[in-house]
Structures are given as structure tokens and as C-alpha cells.
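Accompanying notes for the structure given below.
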Amino acid sequence: MKSFLLTAAGLALATALSVGGALAQTQGGTLVQITQPEPPNLAPYVSTSGPIAQVTSKVFDGLLEYNFDLEPQPSLAESWEVSADGLTITFNLRDDVVFHDGTPLTSEDVRFTIMDVLREAHPRGIATFRNVIAVETPDRHTAIFRLDAPAPYLMMALNSAESPILPAHIYAEGDIRAHGNANEPIGSGPFVFTEWRRGEFVRLDRNDNYWRDGQPYLDRIVVRFIADASTRTAVLEQGEAHVAGFGAVPYQDVRRLEALDTIEVTTRGYEMISPIVEMIFNTQEPPFDNQMVRQAVNYAIDRQFVIDNVWFGYGVPASGPISSNFEPSGLFGRGIDFSVPDRIDIANRLLDEAGFPRGADGIRFEITHDVTPYGEEWQRFGEITVQNLAEIGIRATLRYEDLPTWLARTYTDYDFQLTSNFLFNQADPVIGVHRGIHSDRILPGTVFVNGSRWSSPETDALMDAATVATNAATRQQAYQALVPLVTEASPVAYVLELRYPTVHSTQFADVITSPIGIYGNYAFAHQR
Amino acid sequence: MKNASIGSYILRRLLQTIPVILGVVVVNFLLLQLAPGDLATVIAGEAGGATPEYIAELRARFGQDQPLFVQLLNYMGNLLTFDLGYSFRQSAPVLDLLLDRLGPTLLLMGTTLVVSLSLGILLGLLAALWVKTWKDHLISVTAVLLYATPLFWVGLMLVLVFAVKLDWFPTSGMENVVAFHEGWDRVWDIAHHLILPTVTLSVFYLALYARLMRASMLEQRGLDYVTTARAKGLTDAQITRRHVFRNALLPVVTMAGVQTGSLLGGSVVVEAVFAWPGLGQLAYQSLFARDYNLLLGIFFLSAILVVVVNLVVDIIYVILDPRIRLG
């Protein structure tokens with residue numbers, strides 16, 4: 001794979017040039033970010049709670065970064081090479097990187113982070129790096145991953161939010177799961193951790209020894225935690241904070257803030273996260289053990305109405321479990337179109353055929369619909385679902401519980417009929433999509449896996465093929481075959497691809513520069 | 001002599017609180033077990049698809065694989081040495097987390113107590129003096145309105161009017177996190193941030209105390225001792241100041257003591273609206289994360305707080321009314 005190496009070198013050159021051109025940026029300024037909720041700790045290597053990486057991605061570096069087309073870009077690794085059989089990945093590390101305590105980065109830090117931390121204790125890393133049997137360190141600036149089976153998705157999971165590289169001399173001391181630096185991170189990123197006052201803010205100051213010369217431009221980042229949604233809006237409106245993403249601002253308020261001269265709204269920066277709003281059926285119990293009933297519900301949902309009225313236009317109808325963000329990388333597949341004009345007639349016919357005739361009162365059967373406990377928009381979505389289902393003669397009652405109760409109901413006790421949910425596609429379908437539909441992910445007590453408990457040998461085989469294929473075209477074919485089969489069986493109704501709005505102040509530029517948005521490192525952010 | 005008796009009284013009361021607080025801990029511990037879901041599922045939930053090995057390992061680390069009574073005994077044992085345990089979710093000892101948050105909460109509660117008590121007593125007193133005039137009606141109607149208004153709504157309206165529209169006060173937080181003031185500038189900055197939350201939290205209690213004070217004043221004024229005092233030739237002003245006022249204060253002070261618990265509850269809402277870094281927000285977060293170690297620690301601390309405040313109230317009683325005996 002010589003061409004891979006050449007491309008990487010070319011990209012490194014392009015980045016170097018753009019950095020040179022950007023040197024004229026104004027130095028200084030404090031950027032205030034709102035993160036909601038407050039992170040439980042600052043240990044992204046053992047916890048994947050979303051808010052953590054919104055803070056720590058500025059403190060740590062990853063081996064790679066990614067552009068908006070989801071192509072790997074150099075970061076700590078200035079070049080890399082994947083062998084033809086996919087079993088060896090060689091990373092050439094920069095030789096000018098020092099951690100915040102002054103110690104230089106070496107290949108040993110990479111080995112320690114991958115083998116001793118992420119592969120052992122990171123909730124997703126355990127799966128991502130499962131096939132990595134060793135990381136060899138022939139010299140201080142070369143790290144060679146040895147795999148026992150190809151893992152093409154691994155190359156997509158190496159940014160600083162997902163796989164931060166830790167200084168071994170600090171984090172190797174003691175138990176990594178309860179480490180003394182869990183709330184005082186030390187990395188090599190553009191900003192140095194200074195203080196965390198709980199309930200208030202985390203303060204990060206400029207790293208004067210950052211390996212990108214002249215960067216970062218900002219003096220300081222302060223991440224504030226504000227529990228009340230209306231207050232968050234007021235703070236942004238007043239210019240007391242400058243950036244917020246991931247639904248931190250209520251959708252109806254985003255439309256209002258967008259009209260202000262001082263505020264910009266972008267939906268970029270979620271291409272590697274790709275959230276899909278879905279509804280999961282309990283396929284092991286009547287009435288949703290019947291494929292025709294599940295399809296009928298799929299047809300009944302008025303996707304465009306939900307997008308316009310619940311998520312205020314920040315979404316597009318989903319066409320299957322895989323987000324259209326994967327179209328550029330060729331991993332996208334299109335399933336049955338449930339938004340056809342005569343969808344209600346089709347749904348009614350399906351229910352008649354399935355043996356659920358309308359009673360004297362027009363009702364075919366009654367169900368309980370569980371609402372995802374993630375905030376008000378999910379309640380609105382539930383209410384619309386009740387109306388949509390009423391059109392085809394299903395009477396639904398809403399049930400709203402707190403997060404731990406709902407998780408236990410959906411993934412441990414399977415004591416539900418129909419529930420709304422999120423599916424984050426993450427950086428690759430192997431990481432984000434397979435878990436919802438593969439038979440080996442029917443795991444009672446494990447959350448956000450296959451809660452519908454549906455699977456088929458045919459779809460399992462397609463996913464297994466896509467997991468190990470080193471050839472992009474092979475993976476593409478597998479997913480194009482997979483998605484129609486999944487939507488036909490409809491264990492899950494994929495409703496919409498959410499396009500989260502990120503709200504930011506016009507005082508600052510180049511804040512959102514990558515497909516991970518506010519999980520980026522803000523090295524390029526500067527005052528206007 | 002009197003000092004010695006107060007001293008032994010306080011000691012006796014403190015000893016009595018020990019079983020109360022232990023009871024609070026045991027009941028809370030058992031109650032929390034009734035809530036479905038646990039910390040391991042919440043942490044794993046945030047991972048978006050963790051492996052079963054990971055969840056089992058979490059449970060073992062949290063001690064959740066032990067039988068319930070063993071967990072309880074362990075917890076009580078640690079408590080005796082003031083070891084409140086470790087919050088696995090927040091990766092920090094519970095005691096550190098609590099002490100970080102105690103200051104802001106005490107500041108907010110203290111100012112609220114002072115503002116609501118002094119203004120409430122003053123307004124109640126005035127309403128009683130002006131009874132059945134338009135001024136009395138104005139105070140009473142305003143008090144009922146304030147009493148009936150939800151806290152979070154008052155908070156949001158104050159933010160909209162005084163922070164967003166008029167720009168007199170900051171919207172939220174405890175200090176300016178761009179400037180990071182030091183010394184007296186910082187004290188001033190915190191005081192500036194404290195005003196809106198204090199007003200919000202005070203409004204309800206102010207109304208409560210004003211209404212109580214008014215009723216209590218009116219009741220006392222009709223009692224026999226007032227007639228006696230008047231027969232002795234004291235003026236109305238003297239009677240009000242020396243006799244009625246002091247006696248009328250007793251129910252208000254009692255109520256203030258009883259309300260400390262609910263003041264803590266009310267501060268959850270106010271802290272959320274104003275992003276005030278107190279115990280209330282911490283309690284809210286830890287409940288939804290099923291972070292029981294932390295939650296039990298908060299309950300423990302709150303119980304101590306309530307017991308101490310009530311003890312102080314009892315001592316104030318003695319000062320207000322020497323007839324009340326210690327015992």
C-alpha cells in the first residue's frame with residue numbers, strides 16, 4: 001500500500017501549507033463553550049460519556065484527525081501504512097511532540113495507550129482494538145499494530161476524542177480505572193488543563209509548546225455547565241458564552257438565536273457521529289413479532305412532520321440504519337422508502353392481512369410506547385407517534401421514565417413493546433450500526449445493543465463480511481445488500497437522521513473545522 | 001450557671017441526633033435500592049454499546065455483586081470513620097465533592113434566610129400594624145401571589161428582565177469566568193452574581209414568613225396580657241415592641257427551622273436555573289446517574305445541616321422567651 005503512504009505525506013504537506021497561511025491569525029481571547037450535562041470525570045480513556053470528550057479533546061491528541069469526507073489526516077502520526085492483508089498498520093510519529101509536563105512523546109506511549117488502556121478499559125475500545133494482538137515499537141517514533149484479523153474500521157477510531165494518546169509515565173502508575181489524574185488530564189493537545197470547579201466550569205489554557213507552530217490562537221477555553229436550557233439560551237444571547245452543540249440549546253431557541261447578528265448556526269461537525277432517531281420493536285412478543293405489523297408502523301410515521309415540528313427542520317428522513325453521511329466513503333445503503341404518498345393505505349392493508357381487524361370503535365389493538373428520557377423533544381415525538389398510530393387503528397399510551405429505569409426496561413428486562421431511541425452511527429458502521437441488529441449483540445444487561453432481539457443468518461453474514469473486508473468495494477456491496485433486508489424485516493423503524501445545530505458567536509472563526517465538531521481540538525479557532 | 005446548662009443541653013441534643021442521622025442513612029440506603037437500574041448500566045449507557053464483561057467488571061468494582069446487607073454494613077462501617085466512600089462516576093472521593101459544593105450552597109441558603117426572614121418579618125409586622133387598610137391588603141395580596149408563583153418561573157423571568165433586557169446582572173454562574181477576578185474584585189463579582197438567585201429563592205419564604213408574622217401579631221394582640229399591659233398604662237408602641245413582637249416571632253422562627261429542609265429542596269431548582277454550583281445540582285445529577293455513594297453522602301450532609309439548624313432554632317427560642325426551659 002505504497003499509495004496510502006504517499007497520500008498521507010501529501011496531506012501532511014497540504015496541512016503544513018495551510019498552517020503556514022494561517023499564521024497571520026489574531027492571537028488571544030477566551031472562548032467560552034457550553035457543555036451539557038457536566039462531564040462526570042475527565043477520563044476519556046475509560047469513559048465514553050459524551051460531555052467528557054467535549055472537554056478532553058482539547059487536552060489530548062490522537063494518532064489521526066479526519067476531514068469532512070471522513071478521510072484520515074496526520075496528527076501525532078505524520079504518516080502511516082496499512083499492509084495489503086490488513087494485518088499490519090505502521091504509524092510514523094512526529095518527533096517534536098511533548099506532553100504538558102515536558103516529557104517527549106514516544107512510541108511506548110502509543111503502545112501503552114492502545115494495549116494497556118483502550119483495549120482493556122475503554123467501553124468501545126475493547127471492541128475496536130479486539131483484533132490488535134500487539135503494538136511493536138522498533139524505535140522511538142514508529143509504532144506497528146499487529147492484528148490477528150483485519151479491522152478496517154479501526155483506522156476511523158483514532159482521533160483524540162475516541163482514542164486519546166496518554167503519557168505512559170503518568171497513567172501507567174496505579175489503577176487506570178481510578179487514576180489520580182482522572183480529573184486532571186495531562187496530554188499533548190493545544191490546551192493545558194488548569195482547573196475544574198465542579199458545577200461551574202473547566203478552565204483550559206494555551207499550550208505554549210504545542211507541536212503545531214504558532215497554534216493555538218486562543219489564550220484560553222472555559223467550558224461552562226448550565227443545567228437549565230432557557231438559561232443556556234440567555235447566556236449565548238448575552239455573549240457570555242460562544243459555542244454550544246449537541247442539542248444544548250432547545251431547537252425552537254436555535255431558530256430565534258439564528259436571527260441575531262452575533263450568532264451563527266451550523267449543522268456541520270457531526271459527520272463522524274451521525275445520530276439517527278429510531279423506534280425499536282420488541283420482536284419477541286405479540287403484536288410486534290409479526291413483520292407486517294412492524295412494517296405498518298414504519299409506514300404510519302409521518303417523518304417529515306416529525307422533522308419539521310419536533311426537531312425544527314434539523315434533520316432528513318432516514319433511509320435505513322446507515323446514515324447518508326457515509327455516502328462519500330461508499331458505506332451507505334438505501335432501504336425501503338416508507339414515506340410514499342399512499343403509506344397510510346399500505347399500513348392499513350398490512351394490518352388487515354396480519355389479522356388485526358378494526359373493532360367497533362375503530363381500534364385494532366392497544367400498546368404502550370416508551371419515550372426516550374433525553375428531553376422534551378422526545379416527548380413531543382412520542383405524542384406525534386400516538387397520533388400517527390391512531391390513524392392506522394393502534395391506540396398507544398405513552399410511558400416516560402428516568403434514564404436508568406428506561407435502560408433496564410429496554411436492555412435488561414425487555415419489558416417493552418415499542419420505544420423511541422437514538423442510534424449513533426459513530427465513525428464506521430461496524431462500530432455504530434452492527435450493534436443494533438447483529439445476533440451476537442443480543443446481550444441482556446448490555447445497553448444500546450440489539451434491543452429488538454431480531455436477527456437473521458443472512459444479515460449476520462453480510463455484517464461479518466463487512467467487518468473483515470479490507471477492500472472498500474466489498475464493504476460497500478455488503479452494506480448495499482444489508483440495508484434493504486433490514487428495512488424489510490423492520491426490527492427497528494429508522495425515522496430520521498438528526499442534523500444537530502451548533503450555535504456559535506460570530507466573534508470567533510474556525511471553531512468547527514472537522515467532522516467531530518465540538519469534539520475537535522480548537523487549535524485553529526481564533527477571534528475575528 | 002445558665003451557660004453550663006446550655007452547654008450540657010447542646011451536648012445532649014447532639015447525642016440524640018446520632019440515632020436520627022443513622023436512621024436517615026439506613027432508610028435512604030434501602031429506599032435507593034428500590035429504584036430500578038444502577039450506576040453500571042448508566043455508565044455503560046453513556047458508552048453507547050459496552051461489552052457485558054465491562055458491565056460485570058463495573059458492578060464488581062462498585063461492590064454491587066455483594067449481598068445487600070453486606071453493602072449496608074460496609075457503608076455504615078466506613079461512615080463511622082467519616083469515610084463517605086468514592087464516587088465512581090465522578091472519579092473522586094465523595095467527601096471532597098461535598099465540601100466543594102457546600103460553600104456555595106451555604107452562601108445561597110444563608111443570604112436567602114437573612115433576606116426572607118428580615119423582609120418577611122418586617123412586612124408582616126407592617127401589615128399587622130396597618131391591619132385592614134389598603135396597605136395591609138397590598139402586602140397580603142402580594143404575599144399570596146409570590147407564595148403561589150413557581151420558583152423556576154420567577155428565576156427565568158428575573159434572568160430575562162434584569163440580565164437579558166436590562167443587562168444589570170449576569171445571567172448565571174457564581175463568578176465571571178472570562179475575567180477570573182481576584183481579591184476584593186472577586187468578592188464583589190460573587191456578590192453581583194448572588195443577587196438574582198437569592199431574590200428568586202427568597203420570594204417564596206418571604207411571602208410565607210410575612211403571612212405568618214401578620215397572623216401571629218394579630219393573634220398576640222388579642223391576648224389577655226396585652227389588655228393587662230394596656231391597663232398598666234403602657235403605650236401601644238411599647239406593647240408592640242416589648243411584648244407582642246417578641247411573642248409573635250416564635251412561630252416564625254419555628255417555621256424557619258422547619259423550612260431548612262425545603263430550602264435545600266428549593267435550591268435544586270434555583271441552582272439549576274442560575275447554574276449555581278451547589279449541593280442541589282449535585283444531588284440531581286447523582287440521582288439520575290444512580291450514583292448512590294454520592295447521593296447517600298448528600299443525604300447524610302443534609303440531615304446534619306437540618307439537625308444543626310433546628311438546634312440553633314431551639315437555642316434562639318430560649319433567648320426570645322426565657323420561659324421556655326431547656327430539657
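Numbers restart at 1 for each chain; the letters A, B, ... are given by sequence-line order, proteins then strands. Nothing here was measured: the structure is a model prediction, and the numbers come from that model.
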- request: Sort A:Arg409 into side chain, backbone, both or neither according to what part of it lies under 4.5 angstrom from a heavy atom of chain B.
  value: neither
task: Heavy-atom distances under 4.5 Å only: say whether A:Ala121 touches chain B with side chain, backbone, both or neither.
output: backbone
Chain B contact via A:Val235 - which portion, at a heavy-atom distance below 4.5 Å: both
- request: Please flag which part of A:Ala227 lies under 4.5 Å from any non-hydrogen atom of chain B: side chain, backbone, both or neither.
  value: both
message: A quick test of your reading: do over 12 heavy atoms of other residues, nucleotides or ligands sit less than 6.0 Å from CZ of B:Phe162?
response: no
query: So do the side chains of B:Phe180 and A:Val222 get within less than 4.5 Å of each other, counting heavy atoms only?
result: yes
task: Flag the pair A:Arg198 and B:Asp96 as a salt bridge only when some basic side-chain nitrogen lies within less than 4.0 angstrom of an acidic carboxylate oxygen.
output: no
Heavy-atom pair of closest approach, residues B:Leu156 and A:Ser230: CD2-CB, 3.5 Å
field: Toward chain A, the part of B:Glu271 with a non-hydrogen atom under 4.5 Å
entry: neither
Test item: A:Glu237 and B:Leu160 side chains (from C-beta on) under 4.5 Å apart, heavy atoms: no
message: If I measure from the heavy atoms of chain A, does B:Gln90 come under 4.5 Å with its side chain, its backbone, both, or neither?
response: both
- prompt: Which pair of heavy atoms, one from A:Glu240 and one from B:Pro170, lies closest together, and at what distance?
  reply: OE2-CA, 3.8 Å
message: Rounded at 0.5 Å granularity, tell me how far CZ in B:Arg290 sits from CG in A:Leu403.
response: 8.5 Å
task: Give a yes or no on this: more than 12 heavy atoms of other residues, nucleotides or ligands lie within 6.0 Å of atom OH of A:Tyr414.
output: yes
field: For chain A, the option from B:Gly173, B:Gly278, B:Ala163 that forms the most heavy-atom pairs under 4.5 Å
entry: B:Ala163
Any donor-acceptor pair under 3.5 Å from A:Thr231 side chain to B:Val273 backbone: yes
- line: Applying a strict 4.5 Å limit to non-hydrogen atoms, the region of B:Val177 in contact with chain A is both
- prompt: Given that the side chain runs from C-beta out, which part of A:Phe225 has a heavy atom under 4.5 Å from chain B: side chain, backbone, both or neither?
  reply: backbone
task: Specify which of A:Ile226, A:Thr405, A:Thr30 makes the most heavy-atom pairs with chain B at under 4.5 Å.
output: A:Thr405
message: Quick check on A:Ala234 against chain B: is it the side chain, the backbone, both or neither that has a heavy atom closer than 4.5 Å?
response: both
statement: In terms of heavy-atom pairs under 4.5 Å with chain B, the winner among A:Arg203, A:Glu401, A:His179, A:His122 is A:Arg203
- request: Verify, without hydrogens or angle tests, whether A:Gln238 (side chain) and B:Thr171 (backbone) share a donor-acceptor contact under 3.5 angstrom.
  value: no
- request: Indicate the atoms forming the closest heavy-atom contact of B:Ser172 with A:Arg224, along with that distance.
  value: OG-NH2, 2.8 Å
query: Are the side chain of B:Asp100 and the backbone of A:Arg197 linked by a donor-acceptor contact shorter than 3.5 Å?
result: no
message: Heavy-atom count check: over 12 atoms from other residues, nucleotides or ligands less than 6.0 Å from A:Glu376 CD?
response: no
- prompt: Side chain, backbone, both or neither: which part of B:Phe152 has a non-hydrogen atom closer than 4.5 Å to chain A?
  reply: neither
Residue part contacting chain A, namely of B:Leu97, when any heavy atom lies under 4.5 Å: side chain
